[in-house]
Amino acid sequence: MASYVNQNLTNGEEVIALGEIHWFHFMHGAFAVAMGIVLLISMPIPLGWLPILYGLFSLTGSLIYHYSTELALTNKRLIAKFGFIRRNTIELNHKNVESFKVEQNIFGRIFNFGTLSVNGTGGITTPIPHISAPLEFRKTALSTIEED
């Protein structure tokens with residue numbers, strides 16, 4: 001299956017950088033499953049199934065988010081696509097990108113992920129959470145946009 005980005009490239013447009021969702025996005029669901037397993041092993045009642053089910057639903061949602069989110073920087077524009085069944089996209093020409101904002105909490109700083117917010121002309125702000133290496137992506141985007 002071809003990606004949204006590859007299907008929507010224009011003539012002469014080339015992908016320069018791709019943003020990826022960081023693996024830490026799966027930790028919430030994985031922790032819930034692990035806690036459920038500990039409860040199942042340590043308690044005689046089957047209370048552990050509740051966090052296991054919650055964790056599996058959370059992991060399923062994280063997996064869908066992981067594979068349905070795309071972020072790409074091309075030589076002409078910035079493309080972001082979210083969603084599996086319902087799709088939201090934003091495509092900004094380089095001249096319409098005003099700034100980038102990177103937010104990282106303590107875990108984001110340690111494991112190198114964060115939320116990248118793209119600010120466009122006209123007040124458009126698009127937050128893209130759980131991006132791997134957001135500072136490097138921002139640096140690449142800024143240097144590419146400055147070349148135009």
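Note: hydrogens, waters and symmetry copies are ignored here, and every other heavy atom, side chains too, is used.
- In this structure, the ring of His130 has its center no less than 6.0 angstrom from the ring center of Phe24.
- Heavy-atom minimum distance, Tyr65 versus Ile21: CE2-CD1, 3.7 Å.
- Here the straight-line distance linking atom CG of Leu116 with atom CZ of Arg138 works out to 8.5 Å at 0.5 Å rounding.
- Ion pairing between a basic and an acidic side chain is recognised when a charged N comes within 4.0 Å of a carboxylate O; Glu91 and Arg77 show such pairing.
- In this structure, Ile106 places its CD1 atom where only 12 or fewer heavy-atom neighbours from other residues, nucleotides or ligands lie under 6.0 Å away.
- With hydrogens and angles disregarded, a donor-acceptor distance shorter than 3.5 Å links the side chain of Glu70 to the backbone of Val5.
- Taking both residues in full, the closest heavy atoms of Pro127 and Thr115 are given as CB-CG2, 4.1 Å, listed atom of the first, atom of the second, then distance.
- In this structure, a donor-acceptor pair under 3.5 Å is present between the side chains of Glu13 and Thr74.
- When the side chains of ILVMFWY residues are joined at heavy-atom separations under 4.5 Å, either directly or via intervening members, Leu40 and Ile37 end up in a single hydrophobic cluster.
- Rounding to the nearest 0.5 Å gives a distance of 13.0 Å between CD1 of Ile145 and NZ of Lys95.
- Expressed to the nearest 0.5 Å, how far OH of Tyr54 lies from CG of Leu59 amounts to 10.0 Å.
- Nearest heavy atom pair, residue Gln104 against residue Gly114, reads CG-CA, 4.0 Å.
- Residue Trp23 holds its CH2 atom at 4.5 Å from CZ of Phe111, rounded to the nearest 0.5 Å.
- Taking a 6.0 Å sphere around CH2 of Trp49, one finds it holds 12 or fewer heavy atoms contributed by other residues, nucleotides or ligands.
- Between the side chain of Asn75 and the main chain of Glu14, a donor-acceptor pair closer than 3.5 Å is present.
- Atom CZ of Phe26 is surrounded by more than 12 heavy atoms from other residues, nucleotides or ligands within 6.0 Å.
- Look at Lys101 and Glu103 and you find a salt bridge, because one of the NZ, NE, NH1 or NH2 atoms lies within 4.0 Å of a carboxylate O, short of that distance.
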